[in-house]
Each structure stands twice: as structure tokens, then as C-alpha cells.
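In what follows, a single structure is set out as C-alpha cells and then discussed.
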Amino acid sequence: MSAGQASSVTAPEVHYQVSIPDPHSHLFQVTLTLAQPQTEQLLQLPAWIPGSYLLREFAKNLQKLSCTQSGKSVPVVQRDKASWRVTCKPGVALTVQYEVYAFDHSVRTAWLDATRGFFNGTSLFLQVAGAQQGKHSVDILAPAQAPEWKLATALEPVRVLKSGFGTYCADNYDALVDCPVEMGTFWSGSFVACGIPHRFVVAGASESFDGDKLLADTQAICETEIRFWHGAQTANGNNKAPYKNYLFMLNAVHDGYGGLEHRNSTALICTRKDLPRQERQTLAPAKHKQPEGYTVLLGLISHEYFHNWNVKRLRPAEFAQYDYTRENYTELLWFFEGFTSYYDDLLLRRAGRLDNAGYLTLLGKTINQVQQTPGRLVQSVAQASFDAWVKYYRQDENTANATVSYYTKGSLVALCLDLTLRAEGRTTLDAVMQALWRNCQAGPMSEQDLLAVLTDLGGRSFAKDIARWVHSTHELPVVELLERHGVKIVREPDQVAQQLGLRVKESRGLSISQVLRGGVAEKAGFASGDEWLAVQAAGPRASGPWRMAALDDLMLYCGNAKKVKATVARDKRLLTLELVMPKPSTAIRLTVADAASVDRWLEGAAAP
């Protein structure tokens, strides 16, 4: 909406103003105005952001909070780490002022410097108790020091300048904080997918960035996913998608990766070198290949966009109403994150951005990743979902031994379910997902809802399958199901690190980051944090010791030795560990054996 235009929305109960007096300070200034405060008004800042299941304690960045009525200070008492109680006079507007420090490049919090600004509402906007369901508005002021800056957000505009700065509104607090804001001199492009306007903004891109390619590929992904959920006939004038417009916000940095879904937008971060690149005009004329990481970026875009349906609307029953002050537990992240992870690359294939070989390569990596995680035998994927707050988002040297990713194993549960349904010939997982969307009315769902749809469409109970695959630590029947659908399983020698049972870092020496349960490295006494300095084959004729710079040096210096002596540094002490070399182990690689069968599966053909 252009300057001078105004929305006809109801006057907001809660209004915020965000300003940037000095970008170099990394401080957003926020003014909160409440027309009708309670006598004892409670204010709270969220401790976490939906989609990222960790208490991040955003209040640690809030400072200099003060409250006034009619220009005079009123008493305010901090109750705990993230809430304040203000003693107010009835019928007099309350003004709250504070600052928020913003220096986190991630998609989860807030960032501000002289080149770019970004924030999620959960980092900036105090929640007003008793007014959460009323209208909210925010006025975002353009920084005087950066007149060239623009602003992008999926919030509903009320009175907005051409640059994007101005006043926006939201129906309630949840809607307000579910629309992040990007500011700066970003690149911007747009497209229409199935009649819906989409915008893509990119901050931090280099001169080689090919925006046209990114838009074309993203458009194909969006159209594929809209039609997945709402039918192949979805087009202009016949759109059932649950949003009127959509915004992608991508921050390109030297080293980074991640995304966070929102109801009609998403915040993404990627490594700058993984952006698509324009053809070279001044150097060698030969056509260059797009970066391998670009496929990963497209998978991230596909993943976050799929969340429009699967987690933002169709969501765990426990998330029917968020409590921003504490953990919100659910055992269903294996479905909402795992099934989304299954479909992200699969829908890239259906959108023509992956071929069969490329898709099977990515699937093979996922299978190997799960199989190489000892924690899959310790914790079920349902338990991993429940424990996300203390395990998945607080990873340490023992994570791989204690838990399993609900993203990766959850995606394999979806694979097994899809291939089982297809093999039995009654339905597909596609149809199950679409039926869940209808039956749950695009709202909260439970595991029982899933089981009911599976019984209805699949013609039998799947309770035992879900119990075995989701609520136990039994292995998944991935290999046999893939072979039934035309995929050949090739077994190849595993990487040295996996055969030893190690995760290592090879920058400035060889350091041990993780020791996997049951591996030969654990039996030898390796520990996380060790620096592996040298190795020598055991026996009277062995040469060495040899300085270790990379893990591959082990085979170079010790060949077919059955035992070696490893010298490690631990807490500045030198230790000699006796390592028994492991028996060869294998990883899998997937190839096409029956092209017709693979095509039927990957192209989403109905069950025969």
C-alpha cells in the first residue's frame, strides 16, 4: 500500500514503534503504547520462537526498560527473567520504552549494523497480558543514517512508504511475531505461483548472483507444492492456498545455513558461494556448472515452503496455542519436521530441479547418516521429538550416541510409510497428507488423526507399523522397500572416520570432536577434545611414529597393520593409545534398477 493510503482495520489495542538511532550500536529502540492498561499490567518477552525448539532467553538482550503515563514515571518491577509488572492508573495510556541489542546473524533472533537490519517479533515485542488476541500494530521508522535502505515484511501494510517503512498491523500477537522484518539494500525480485504473488529478497549477494535463476527455480517449487496440497487444477481464480501473498528473505553470508518457517514468509540463510551464478562474460566462455550447494539451498527453500501447510497450519495439537514463556512439548516433530524433510527433495524432483540419480544420491546420504548414528538404538524418534528442547538444539560430543535426528529418521519413516502404502496398492502418502489437511481443517492434529486416515485410506490398521518405526528403536525396513520399488542398493567401503567410530576436525591439526558408541576408537580410549598428533604401526618392523595431519594419513602410514599406537594430547598431557584396526564396514549408494518403478514413485503416480 503506498504512502497516504490506509487500511480500514479496527484501531489496535497495542502499538509498537521501532526506530534505529544509531546502527553502529546494534540497538533497536522500541516504544510500546497501550491505550487501556490493566491496573497491574504484566509484560512478557518470549523465551523461544516457534519452529526452533530451544529456550533462547531473548530477554537477555533487552535493556533500559522504563514506563510512563502522561509523561510521568510509573512503578515497574521485574518478576522473573523475562516479565515485568507495571502499576498503572486506570484509563490512562501506558508508554513503555526499551532497547534490544541485535547482533545474531541467525534466522531466529535479530541483527543490526550499518549494512543490514533484521528482526523477529519474538526478539523485540513485549507481550501484553490480556491483550494478546486484540489488534496489534507497529510503526517501523526509516533510519536517518541510511536513506537508501528498504524494508520487506509479510505483515499487513496500513500506511507504508515506497521504501517499505511505515505502519503495519496484525490480528493478534501471534500473527505479529510470526512476520520477520528485513531491512537494508537487498536485491528484490517477484513472481506469481498459481495466482499468488511471491517476493524474494536477498541480502549480501555478490555481483555474480543470478536472481533470475533463483526466481525461476523457486517459482517451480512453489507451484509444485501448492498443487501437491490443493490439486493439479489449482490456477488463477481457483486457488485454495491459505495465504494471499508470500515473502522469502535470504541472507547470504560467508558461512551459514538454515531457515525458519512463518505463516506467509520464511527467513533463510546460506553460504554466499552457493547462490546461483550468472554466466561469465569476460573470462573463459565455457559454460560453468552451478554450485553443488545450490541444490541444497533449493532443498531448504522447498522445506520451509512446505511448512506453510505442515506445521504452521496443520500442526501438533500441543501447539494449538503457543506458550512463549516455557517449553511446548510434543512427540510429533518426527511427523512435522521429518515428513517435511521427506517431501523437500522429493518435490524438487517433481519440480524438475533434480533427476532420479540426484534424488537417490541425497536419499542415500540420509540413510547413511541415520545408520551411522548410534543414538538411533538408544532413543526412539518420538522421544527425540519430545527431547528436542534439551538434546537436538543443545548438541554436544555425546549427541550422536544419545539421540537420533527427528529430521532424518522422521524422513525415513515417511519413506517407509509411502513405499509400504504404494506396495499395498490402496493409496499413497500424498493422499494421506491431503486427507489430514482436510480432516483436521488445516489445524491441530494428533497421532490418532494420522492413524485414522491411514486406516481409512490404507484399508488396514497401521498402529503396529507406527509403534515399531516411531515409538521403538527397531531398524526401519528401508532397504527392502526401496528394492521393491526399483532401487538397487550398492554397498561401498565406508569412510575412515566412520570405520573408526570418530567425528574429527582437520583444520590446524587433527582434533577429535565425537567418539561414537561401540567403535574401535572408543575401545582404544579416544575422547572428545583429543588432538591426534602421531601414529605408529605396532610391531618390531614398523616405521614411525608419523605426524598426523588428516585422518587419511592413518592408512598412508600404517597400511594393513592390525594394531597401531596413537599419540594424542589431552589437557596438555601426551597419551599413547593402542588402537585395534577395525574390520571393513560399508555404506550404501542408491542407483536405479527399474526406471519405470522409480519414476512411478518419484513422480507421485497414484497406487496401481
Side-chain angles (χ1 to χ4, degrees), residues 20 23-24 26 49 51-52 102-120 123 143 146 148-154 163-164 179-191 193 198-222 246-262 264-281 283 288-307 344-345 348 351 353-354 362:
I20 305 172
H24 296 300
H26 316 297
I49 182 169
S52 183
F103 203 64
D104 183 340
H105 247 316
S106 79
V107 296
R108 298 176 292 263
T109 53
W111 170 269
L112 179 63
D113 68 3
T115 64
R116 173 180 177 261
F118 172 84
F119 66 82
N120 286 285
S123 292
E148 72 282 6
W149 275 23
K150 298 174 291 184
L151 182 145
T153 181
S163 64
C179 291
V181 174
E182 175 74 34
M183 293 175 280
T185 56
F186 46 75
W187 174 92
S188 178
S190 61
F191 60 87
H198 289 65
R199 184 184 182 192
F200 212 129
V201 301
V202 181
S206 65
E207 291 296 323
S208 65
F209 168 54
D210 187 346
D212 289 340
K213 179 169 179 56
L214 180 63
L215 291 178
D217 291 339
T218 304
Q219 180 182 28
I221 293 168
C222 294
Y246 195 86
L247 173 65
F248 291 95
M249 291 166 282
L250 173 61
N251 183 28
V253 297
H254 174 67
D255 185 18
Y257 175 81
L260 189 62
E261 69 277 359
H262 301 278
N264 63 332
S265 65
T266 188
L268 310 164
I269 187 169
C270 78
T271 300
R272 191 173 290 115
K273 67 181 180 181
D274 289 339
L275 289 174
R277 301 175 194 174
Q278 298 173 355
E279 293 294 329
R280 294 190 297 264
Q281 301 296 325
L283 298 178
H288 66 277
K289 293 178 62 177
Q290 290 295 341
E292 291 185 8
Y294 181 52
T295 299
V296 178
L297 172 59
L298 292 180
L300 176 65
I301 291 169
S302 177
H303 183 99
E304 302 305 336
Y305 197 71
F306 197 83
H307 273 319
D344 55 21
D345 288 337
L348 278 190
R353 268 54 194 174
L354 272 179
L362 294 175

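Residues Gly211 and Trp187 approach most closely at CA-CZ2, 3.6 Å, considering heavy atoms. For Leu112 against Phe103, the heavy-atom pair with the smallest separation is O-CD1, 4.4 Å. Here the shortest heavy-atom pairing between Leu268 and Glu304 reads CD2-CG, 3.7 Å. The minimum heavy-atom distance linking Gln290 with Pro276 is given by the pair OE1-CA, 3.1 Å. The nearest pair of heavy atoms linking Phe191 to Cys222 is CZ-SG, 4.0 Å. Between Ala351 and Ala220, the shortest heavy-atom contact is CB-O, 3.8 Å.
By the side-chain contact (heavy atoms from CB on, under 4.5 Å) test, Val253 is found to be paired with His105, Asn251, Ile269, residues two or more places apart in sequence or in another chain being considered. Listed by chain and number, the residues in a side-chain hydrogen bond (donor to acceptor under 3.5 Å, both in side chains) with Asp104 are Ser106, Thr109 (sequence neighbours excluded). Residues passing the side-chain hydrogen bond (donor to acceptor under 3.5 Å, both in side chains) test with Ser188 are Arg199, sequence neighbours excluded. Applying the side-chain hydrogen bond (donor to acceptor under 3.5 Å, both in side chains) test to His198 and every residue at least two apart in sequence or in another chain returns Tyr305. With sequence neighbours excluded, no residue forms a ring-ring contact (aromatic ring centres under 6.0 Å, His included) with Trp149. When the side-chain hydrogen bond (donor to acceptor under 3.5 Å, both in side chains) test is applied to Asp344, the partners found at least two apart in sequence or on another chain are His303. Judged as a salt bridge (charged side-chain N to carboxylate O under 4.0 Å, His left out), and not counting sequence neighbours, the contacts of Glu182 are Arg116. In this structure His254 satisfies the side-chain contact (heavy atoms from CB on, under 4.5 Å) test together with Arg272, sequence neighbours excluded. With sequence neighbours left out, Lys273 forms a side-chain contact (heavy atoms from CB on, under 4.5 Å) with Thr271, Arg277. Residues passing the side-chain contact (heavy atoms from CB on, under 4.5 Å) test with Leu298, sequence neighbours excluded: Asp217, Ile221, Tyr294, Ile301, Leu348, Arg353.
Note that the CZ atom of Phe200 and the OH atom of Tyr246 stand 9.5 Å from one another [nearest 0.5 Å]. Note: Ser265 OG to Phe248 CZ = 9.5 Å, rounded to the nearest 0.5 Å. Atoms CZ and OG1, from Phe118 and Thr153 in turn, are 9.5 Å apart once rounded to the nearest 0.5 Å.
Here the two rings, on Phe119 and Trp111, have centers that are 6.0 Å apart or farther.
Proximity of a side-chain donor or acceptor of Asn120 to a complementary backbone N or O of Val107 within less than 3.5 Å is detected. Side-chain atoms of Thr266 come within 3.5 Å of backbone N or O of Leu260 as a donor-acceptor pair.
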task: Mind running side-chain contact (heavy atoms from CB on, under 4.5 Å) on Cys270 and Leu275 for me, showing each step along the way?
output: CA-CA 8 Å; Cys270 78; Leu275 289 174; 3.8 Å; yes
query: Between Val296 and Tyr257, does a side-chain contact (heavy atoms from CB on, under 4.5 Å) hold up when you go through it step by step?
result: CA-CA 10 Å; Val296 178; Tyr257 175 81; 3.6 Å; yes
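Side-chain contact check for Cys179 versus Asn264: some heavy-atom pair is nearer than 4.5 Å.
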Please set out all donor-acceptor pairs under 3.5 angstrom arising from side-chain atoms of residues 201-209, sequence neighbours excluded.
| from | atom 1 | to | atom 2 | distance (Å) |
| --- | --- | --- | --- | --- |
| Ser206 | OG | Ser208 | OG | 3.1 |

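The number of heavy-atom neighbours closer than 6.0 Å to CD of Glu148, taken from other residues, nucleotides and ligands shown, is above 12.
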